[in-house]
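Just follow the structure's listing: the first ligand is 1, and inside any ligand the first atom is 1. Position 1 is the first residue of the sequence, and the numbers go up from there.
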Amino acid sequence: MTTPLHLFNSLTRQMEQFRPVHAHEARVYTCGPTVYNYPHIGNMRAYVFADLLGRTLSWKAYKLTHVINITDVGHLTDDADAGEDKLEKAAAAAKQSIWDVAAHYTQAYWADVAALNIRAPAHWSIATDYVPAMIEFAQTIAAKHCYELDGGLYFDVSTVADYGRLARAKTDEGEGRIEAVAGKRNAADFAIWRKTPPGERRAMEWDSPWGKGAPGWHLECSVMSGQLLGFPFDIHTGGIDHREIHHPNEIAQNQAFCGSDHSGAKLWMHNNFLVERSGKMSKSSGEFLRLQLLTDKGFSPVAYRLMCLQAHYRSELEFSWDGLEAALTRLKRIVMGVAQVKAQAHEDSGELPEAPAKGWTLDSAHGEVGGALLPLLVQFDEAISDDLNSPLALTVFEDVLGMKRLDPAHKLQALAAMDAVLGLGVLTIDRQALRLAPMGAAISEAEIEATLARRKVARAAKDFATSDALRDDLAAKGVEVMDGDPLAWEWKL
Ligand code: AMP
Ligand code: ZN
């Protein structure tokens, strides 16, 4: 009954059936944030995607081990080999230690993760915890695959088969924009260890066989994924920009380390970008598009999650405030619909459905809800098994919501099961969470409710002059009164 899971592999540019390396398990590595600044909502799209993948693997009954790393060293201002270390630069600008900067932005990232209902992975691996392991890894591959220059230890990409096949780039052309480093054998060669220049002291540096210095950025992901998941593991994810430099370089290191042509992971998956035309996503633009900005403007973070799920992860998604508003309206409609089902179901039991011990899967959901809902659960499973077709899965969720003459308790179970994959949290989300007051709002919710209560009394007494005056008063404070709103939302700011 269950549809086999098919995923798009960036390595082969083809859809492939997921066949786990270890029976009944799924091991996934996701390139995490570089914690030199707040993540923008585009960055967060990458983790919503990885979370959807993880939830889907759980739904397909695989025991999931997910790793997301935190990059607190090594990522230069250019993804290739040029520029300054992003963290050193940010710390110098803020006159703080790197450790404080990293700790602050890691916490901020985790807050966004939680707000977006992204499940915590089995491991958050912190790059600086793995520097000794990185040195060991580099030592293992150095003799056969690396050479030393004044600047550091470089990886010679001509020593592995088919370098750059993930990017589909010709070794020399694709990397043409990299600043020339004297002595590099191939344009695409990259530093796996960056030496501290003589006479300098860097804010972050370690002793190594190649002198004091710091690891190159690509090294950390090879080391942490190999250590925590074992080579080869199942799936490696990241944003589509990583398909060009970071992941080809990781693959080259993995090939060198494993002494074979396998890339370290069987499947490489990449989410497309969230784009925004006015440039607000750039972290250098002052007030950039971070999740907090959305909340400040009165949008629940879950509306942004829904906005992400409305697009397939491999499609570009254009951000606009109108689009976010539309997602919020859709979310409100879903939440109100679920509330009605809950109210009907509670007359019988009064409790929310509990997930089965092994979690929601097609089989466990079917066991709970019986025959009438099965065709829709199967449709949902088909959608999500087709390279995570979340836009389609969402419409199936809404179809269930709209079905009449069903046992409400069963309906609620089915919704809970599907939401375990979608992660909207719509069974528990509270109405207030969807009606955040924008920052700087001139009126509090309590005042609005009190004014509306007075207006109700006036209307009941057919005192329309007072009723209209109260409404105008609210309008002047930015509150729109929505008489007769079919969703009973009544007002919005
Ligand atoms: P970084 O913190 O710069 O290493 O990026 C974190 C993640 O966000 C990586 O997987 C990037 O590929 C991804 N990413 C960066 N910009 C965007 C964007 N506009 N839309 C979606 N993903 C992005
Ligand atoms: Zn990475």
Original post:
Does ligand 1 have any atom sitting under 4.0 Å from a heavy atom of L317?
Top reply: no
Original post:
Do Y147 and F155 have ring centroids that are under 6.0 Å from one another?
Top reply: no
Subject >> Backbone or side-chain N or O of F273 under 3.5 Å from ligand 1 N or O >> reply: no
**OP:** Could you list the atoms of ligand 1 found under 4.0 angstrom from a heavy atom of N271?
**Re:** 21 (C), 22 (N)
Original post:
Got an N/O contact under 3.5 Å between R45 and ligand 1?
Top reply: no
Original post:
Do the ring centers of F397 and F380 come within less than 6.0 Å of each other?
Top reply: no
**OP:** Quick one: look at T34 and ligand 1, take heavy-atom pairs under 4.0 Å, and tell me if it's side chain, backbone, both or neither.
**Re:** both
**OP:** Answer whether the closest heavy-atom distance between the side chains of M44 and I118 falls below 4.5 Å.
**Re:** yes
Original post:
What number of protein N, O or S atoms occur at distances under 2.8 Å from the Zn ion (ligand 2)?
Top reply: 3
Original post:
ring-ring contact (aromatic ring centres under 6.0 Å, His included) with H104: which residues, sequence neighbours excluded?
Top reply: Y38
Original post:
Do G42 and ligand 1 have an N or O pair less than 3.5 Å apart?
Top reply: yes
Subject >> For ligand 1, the portion of Y36 having any non-hydrogen atom under 4.0 Å away >> reply: neither
Subject >> Sub-4.0 Å atoms of ligand 1 with respect to non-hydrogen atoms of G239 >> reply: 10 (O), 12 (O)
Original post:
Mind checking whether H247 and H236 have ring centres under 6.0 Å apart?
Top reply: yes
Original post:
Which heavy atom of D207 sits nearest a heavy atom of I135, and at what distance?
Top reply: O-CD1, 3.3 Å
Original post:
Is there at least one pair of N or O atoms, one from D241 and one from ligand 1, spaced under 3.5 Å apart?
Top reply: yes
**OP:** With heavy atoms under 4.0 Å as the rule, classify the contact between T71 and ligand 1 as side chain, backbone, both or neither.
**Re:** neither
**OP:** Just grab all the salt bridge (Lys or Arg N to Asp or Glu O under 4.0 Å) pairs involving residues 306-316, residues at least two apart or on different chains.
**Re:** R314-D387
Original post:
By number and element, which atoms of ligand 1 are closer than 4.0 Å to a non-hydrogen atom of Y47?
Top reply: 6 (C), 7 (C)
Original post:
Under 3.5 Å, side chain of D234 to main-chain N/O of R27, donor-acceptor pair present?
Top reply: yes
Subject >> Point-to-point distance, once rounded to the nearest 0.5 Å, from CE of M307 to CG of L294 >> reply: 8.5 Å
**OP:** List every atom of ligand 1 that sits less than 4.0 Å from any heavy atom of P33, numbering the atoms from 1 in the order shown and giving each element.
**Re:** 2 (O)
Subject >> Pair F190 + H218: ring centers closer than 6.0 Å >> reply: yes
**OP:** Would you confirm whether T361, through its side chain, and A61, through its main-chain N or O, come within 3.5 Å as a donor-acceptor pair?
**Re:** no
**OP:** Could you tell me if any non-hydrogen atom of H40 lies under 4.0 Å from any atom of ligand 1?
**Re:** yes
**OP:** Using a strict cut-off of 4.0 Å, indicate which atoms of ligand 1 neighbour a heavy atom of N272.
**Re:** 21 (C)
**OP:** Would you please name every residue forming a ring-ring contact (aromatic ring centres under 6.0 Å, His included) with W360, sequence neighbours left out?
**Re:** none
**OP:** Quick one: closest heavy-atom pair of L219 and A138, and the distance?
**Re:** CD2-CB, 4.4 Å
Original post:
Evaluating non-hydrogen atoms only, which member of T30, V35, N37, L274 is closest to atom 20 (N) of ligand 1?
Top reply: L274
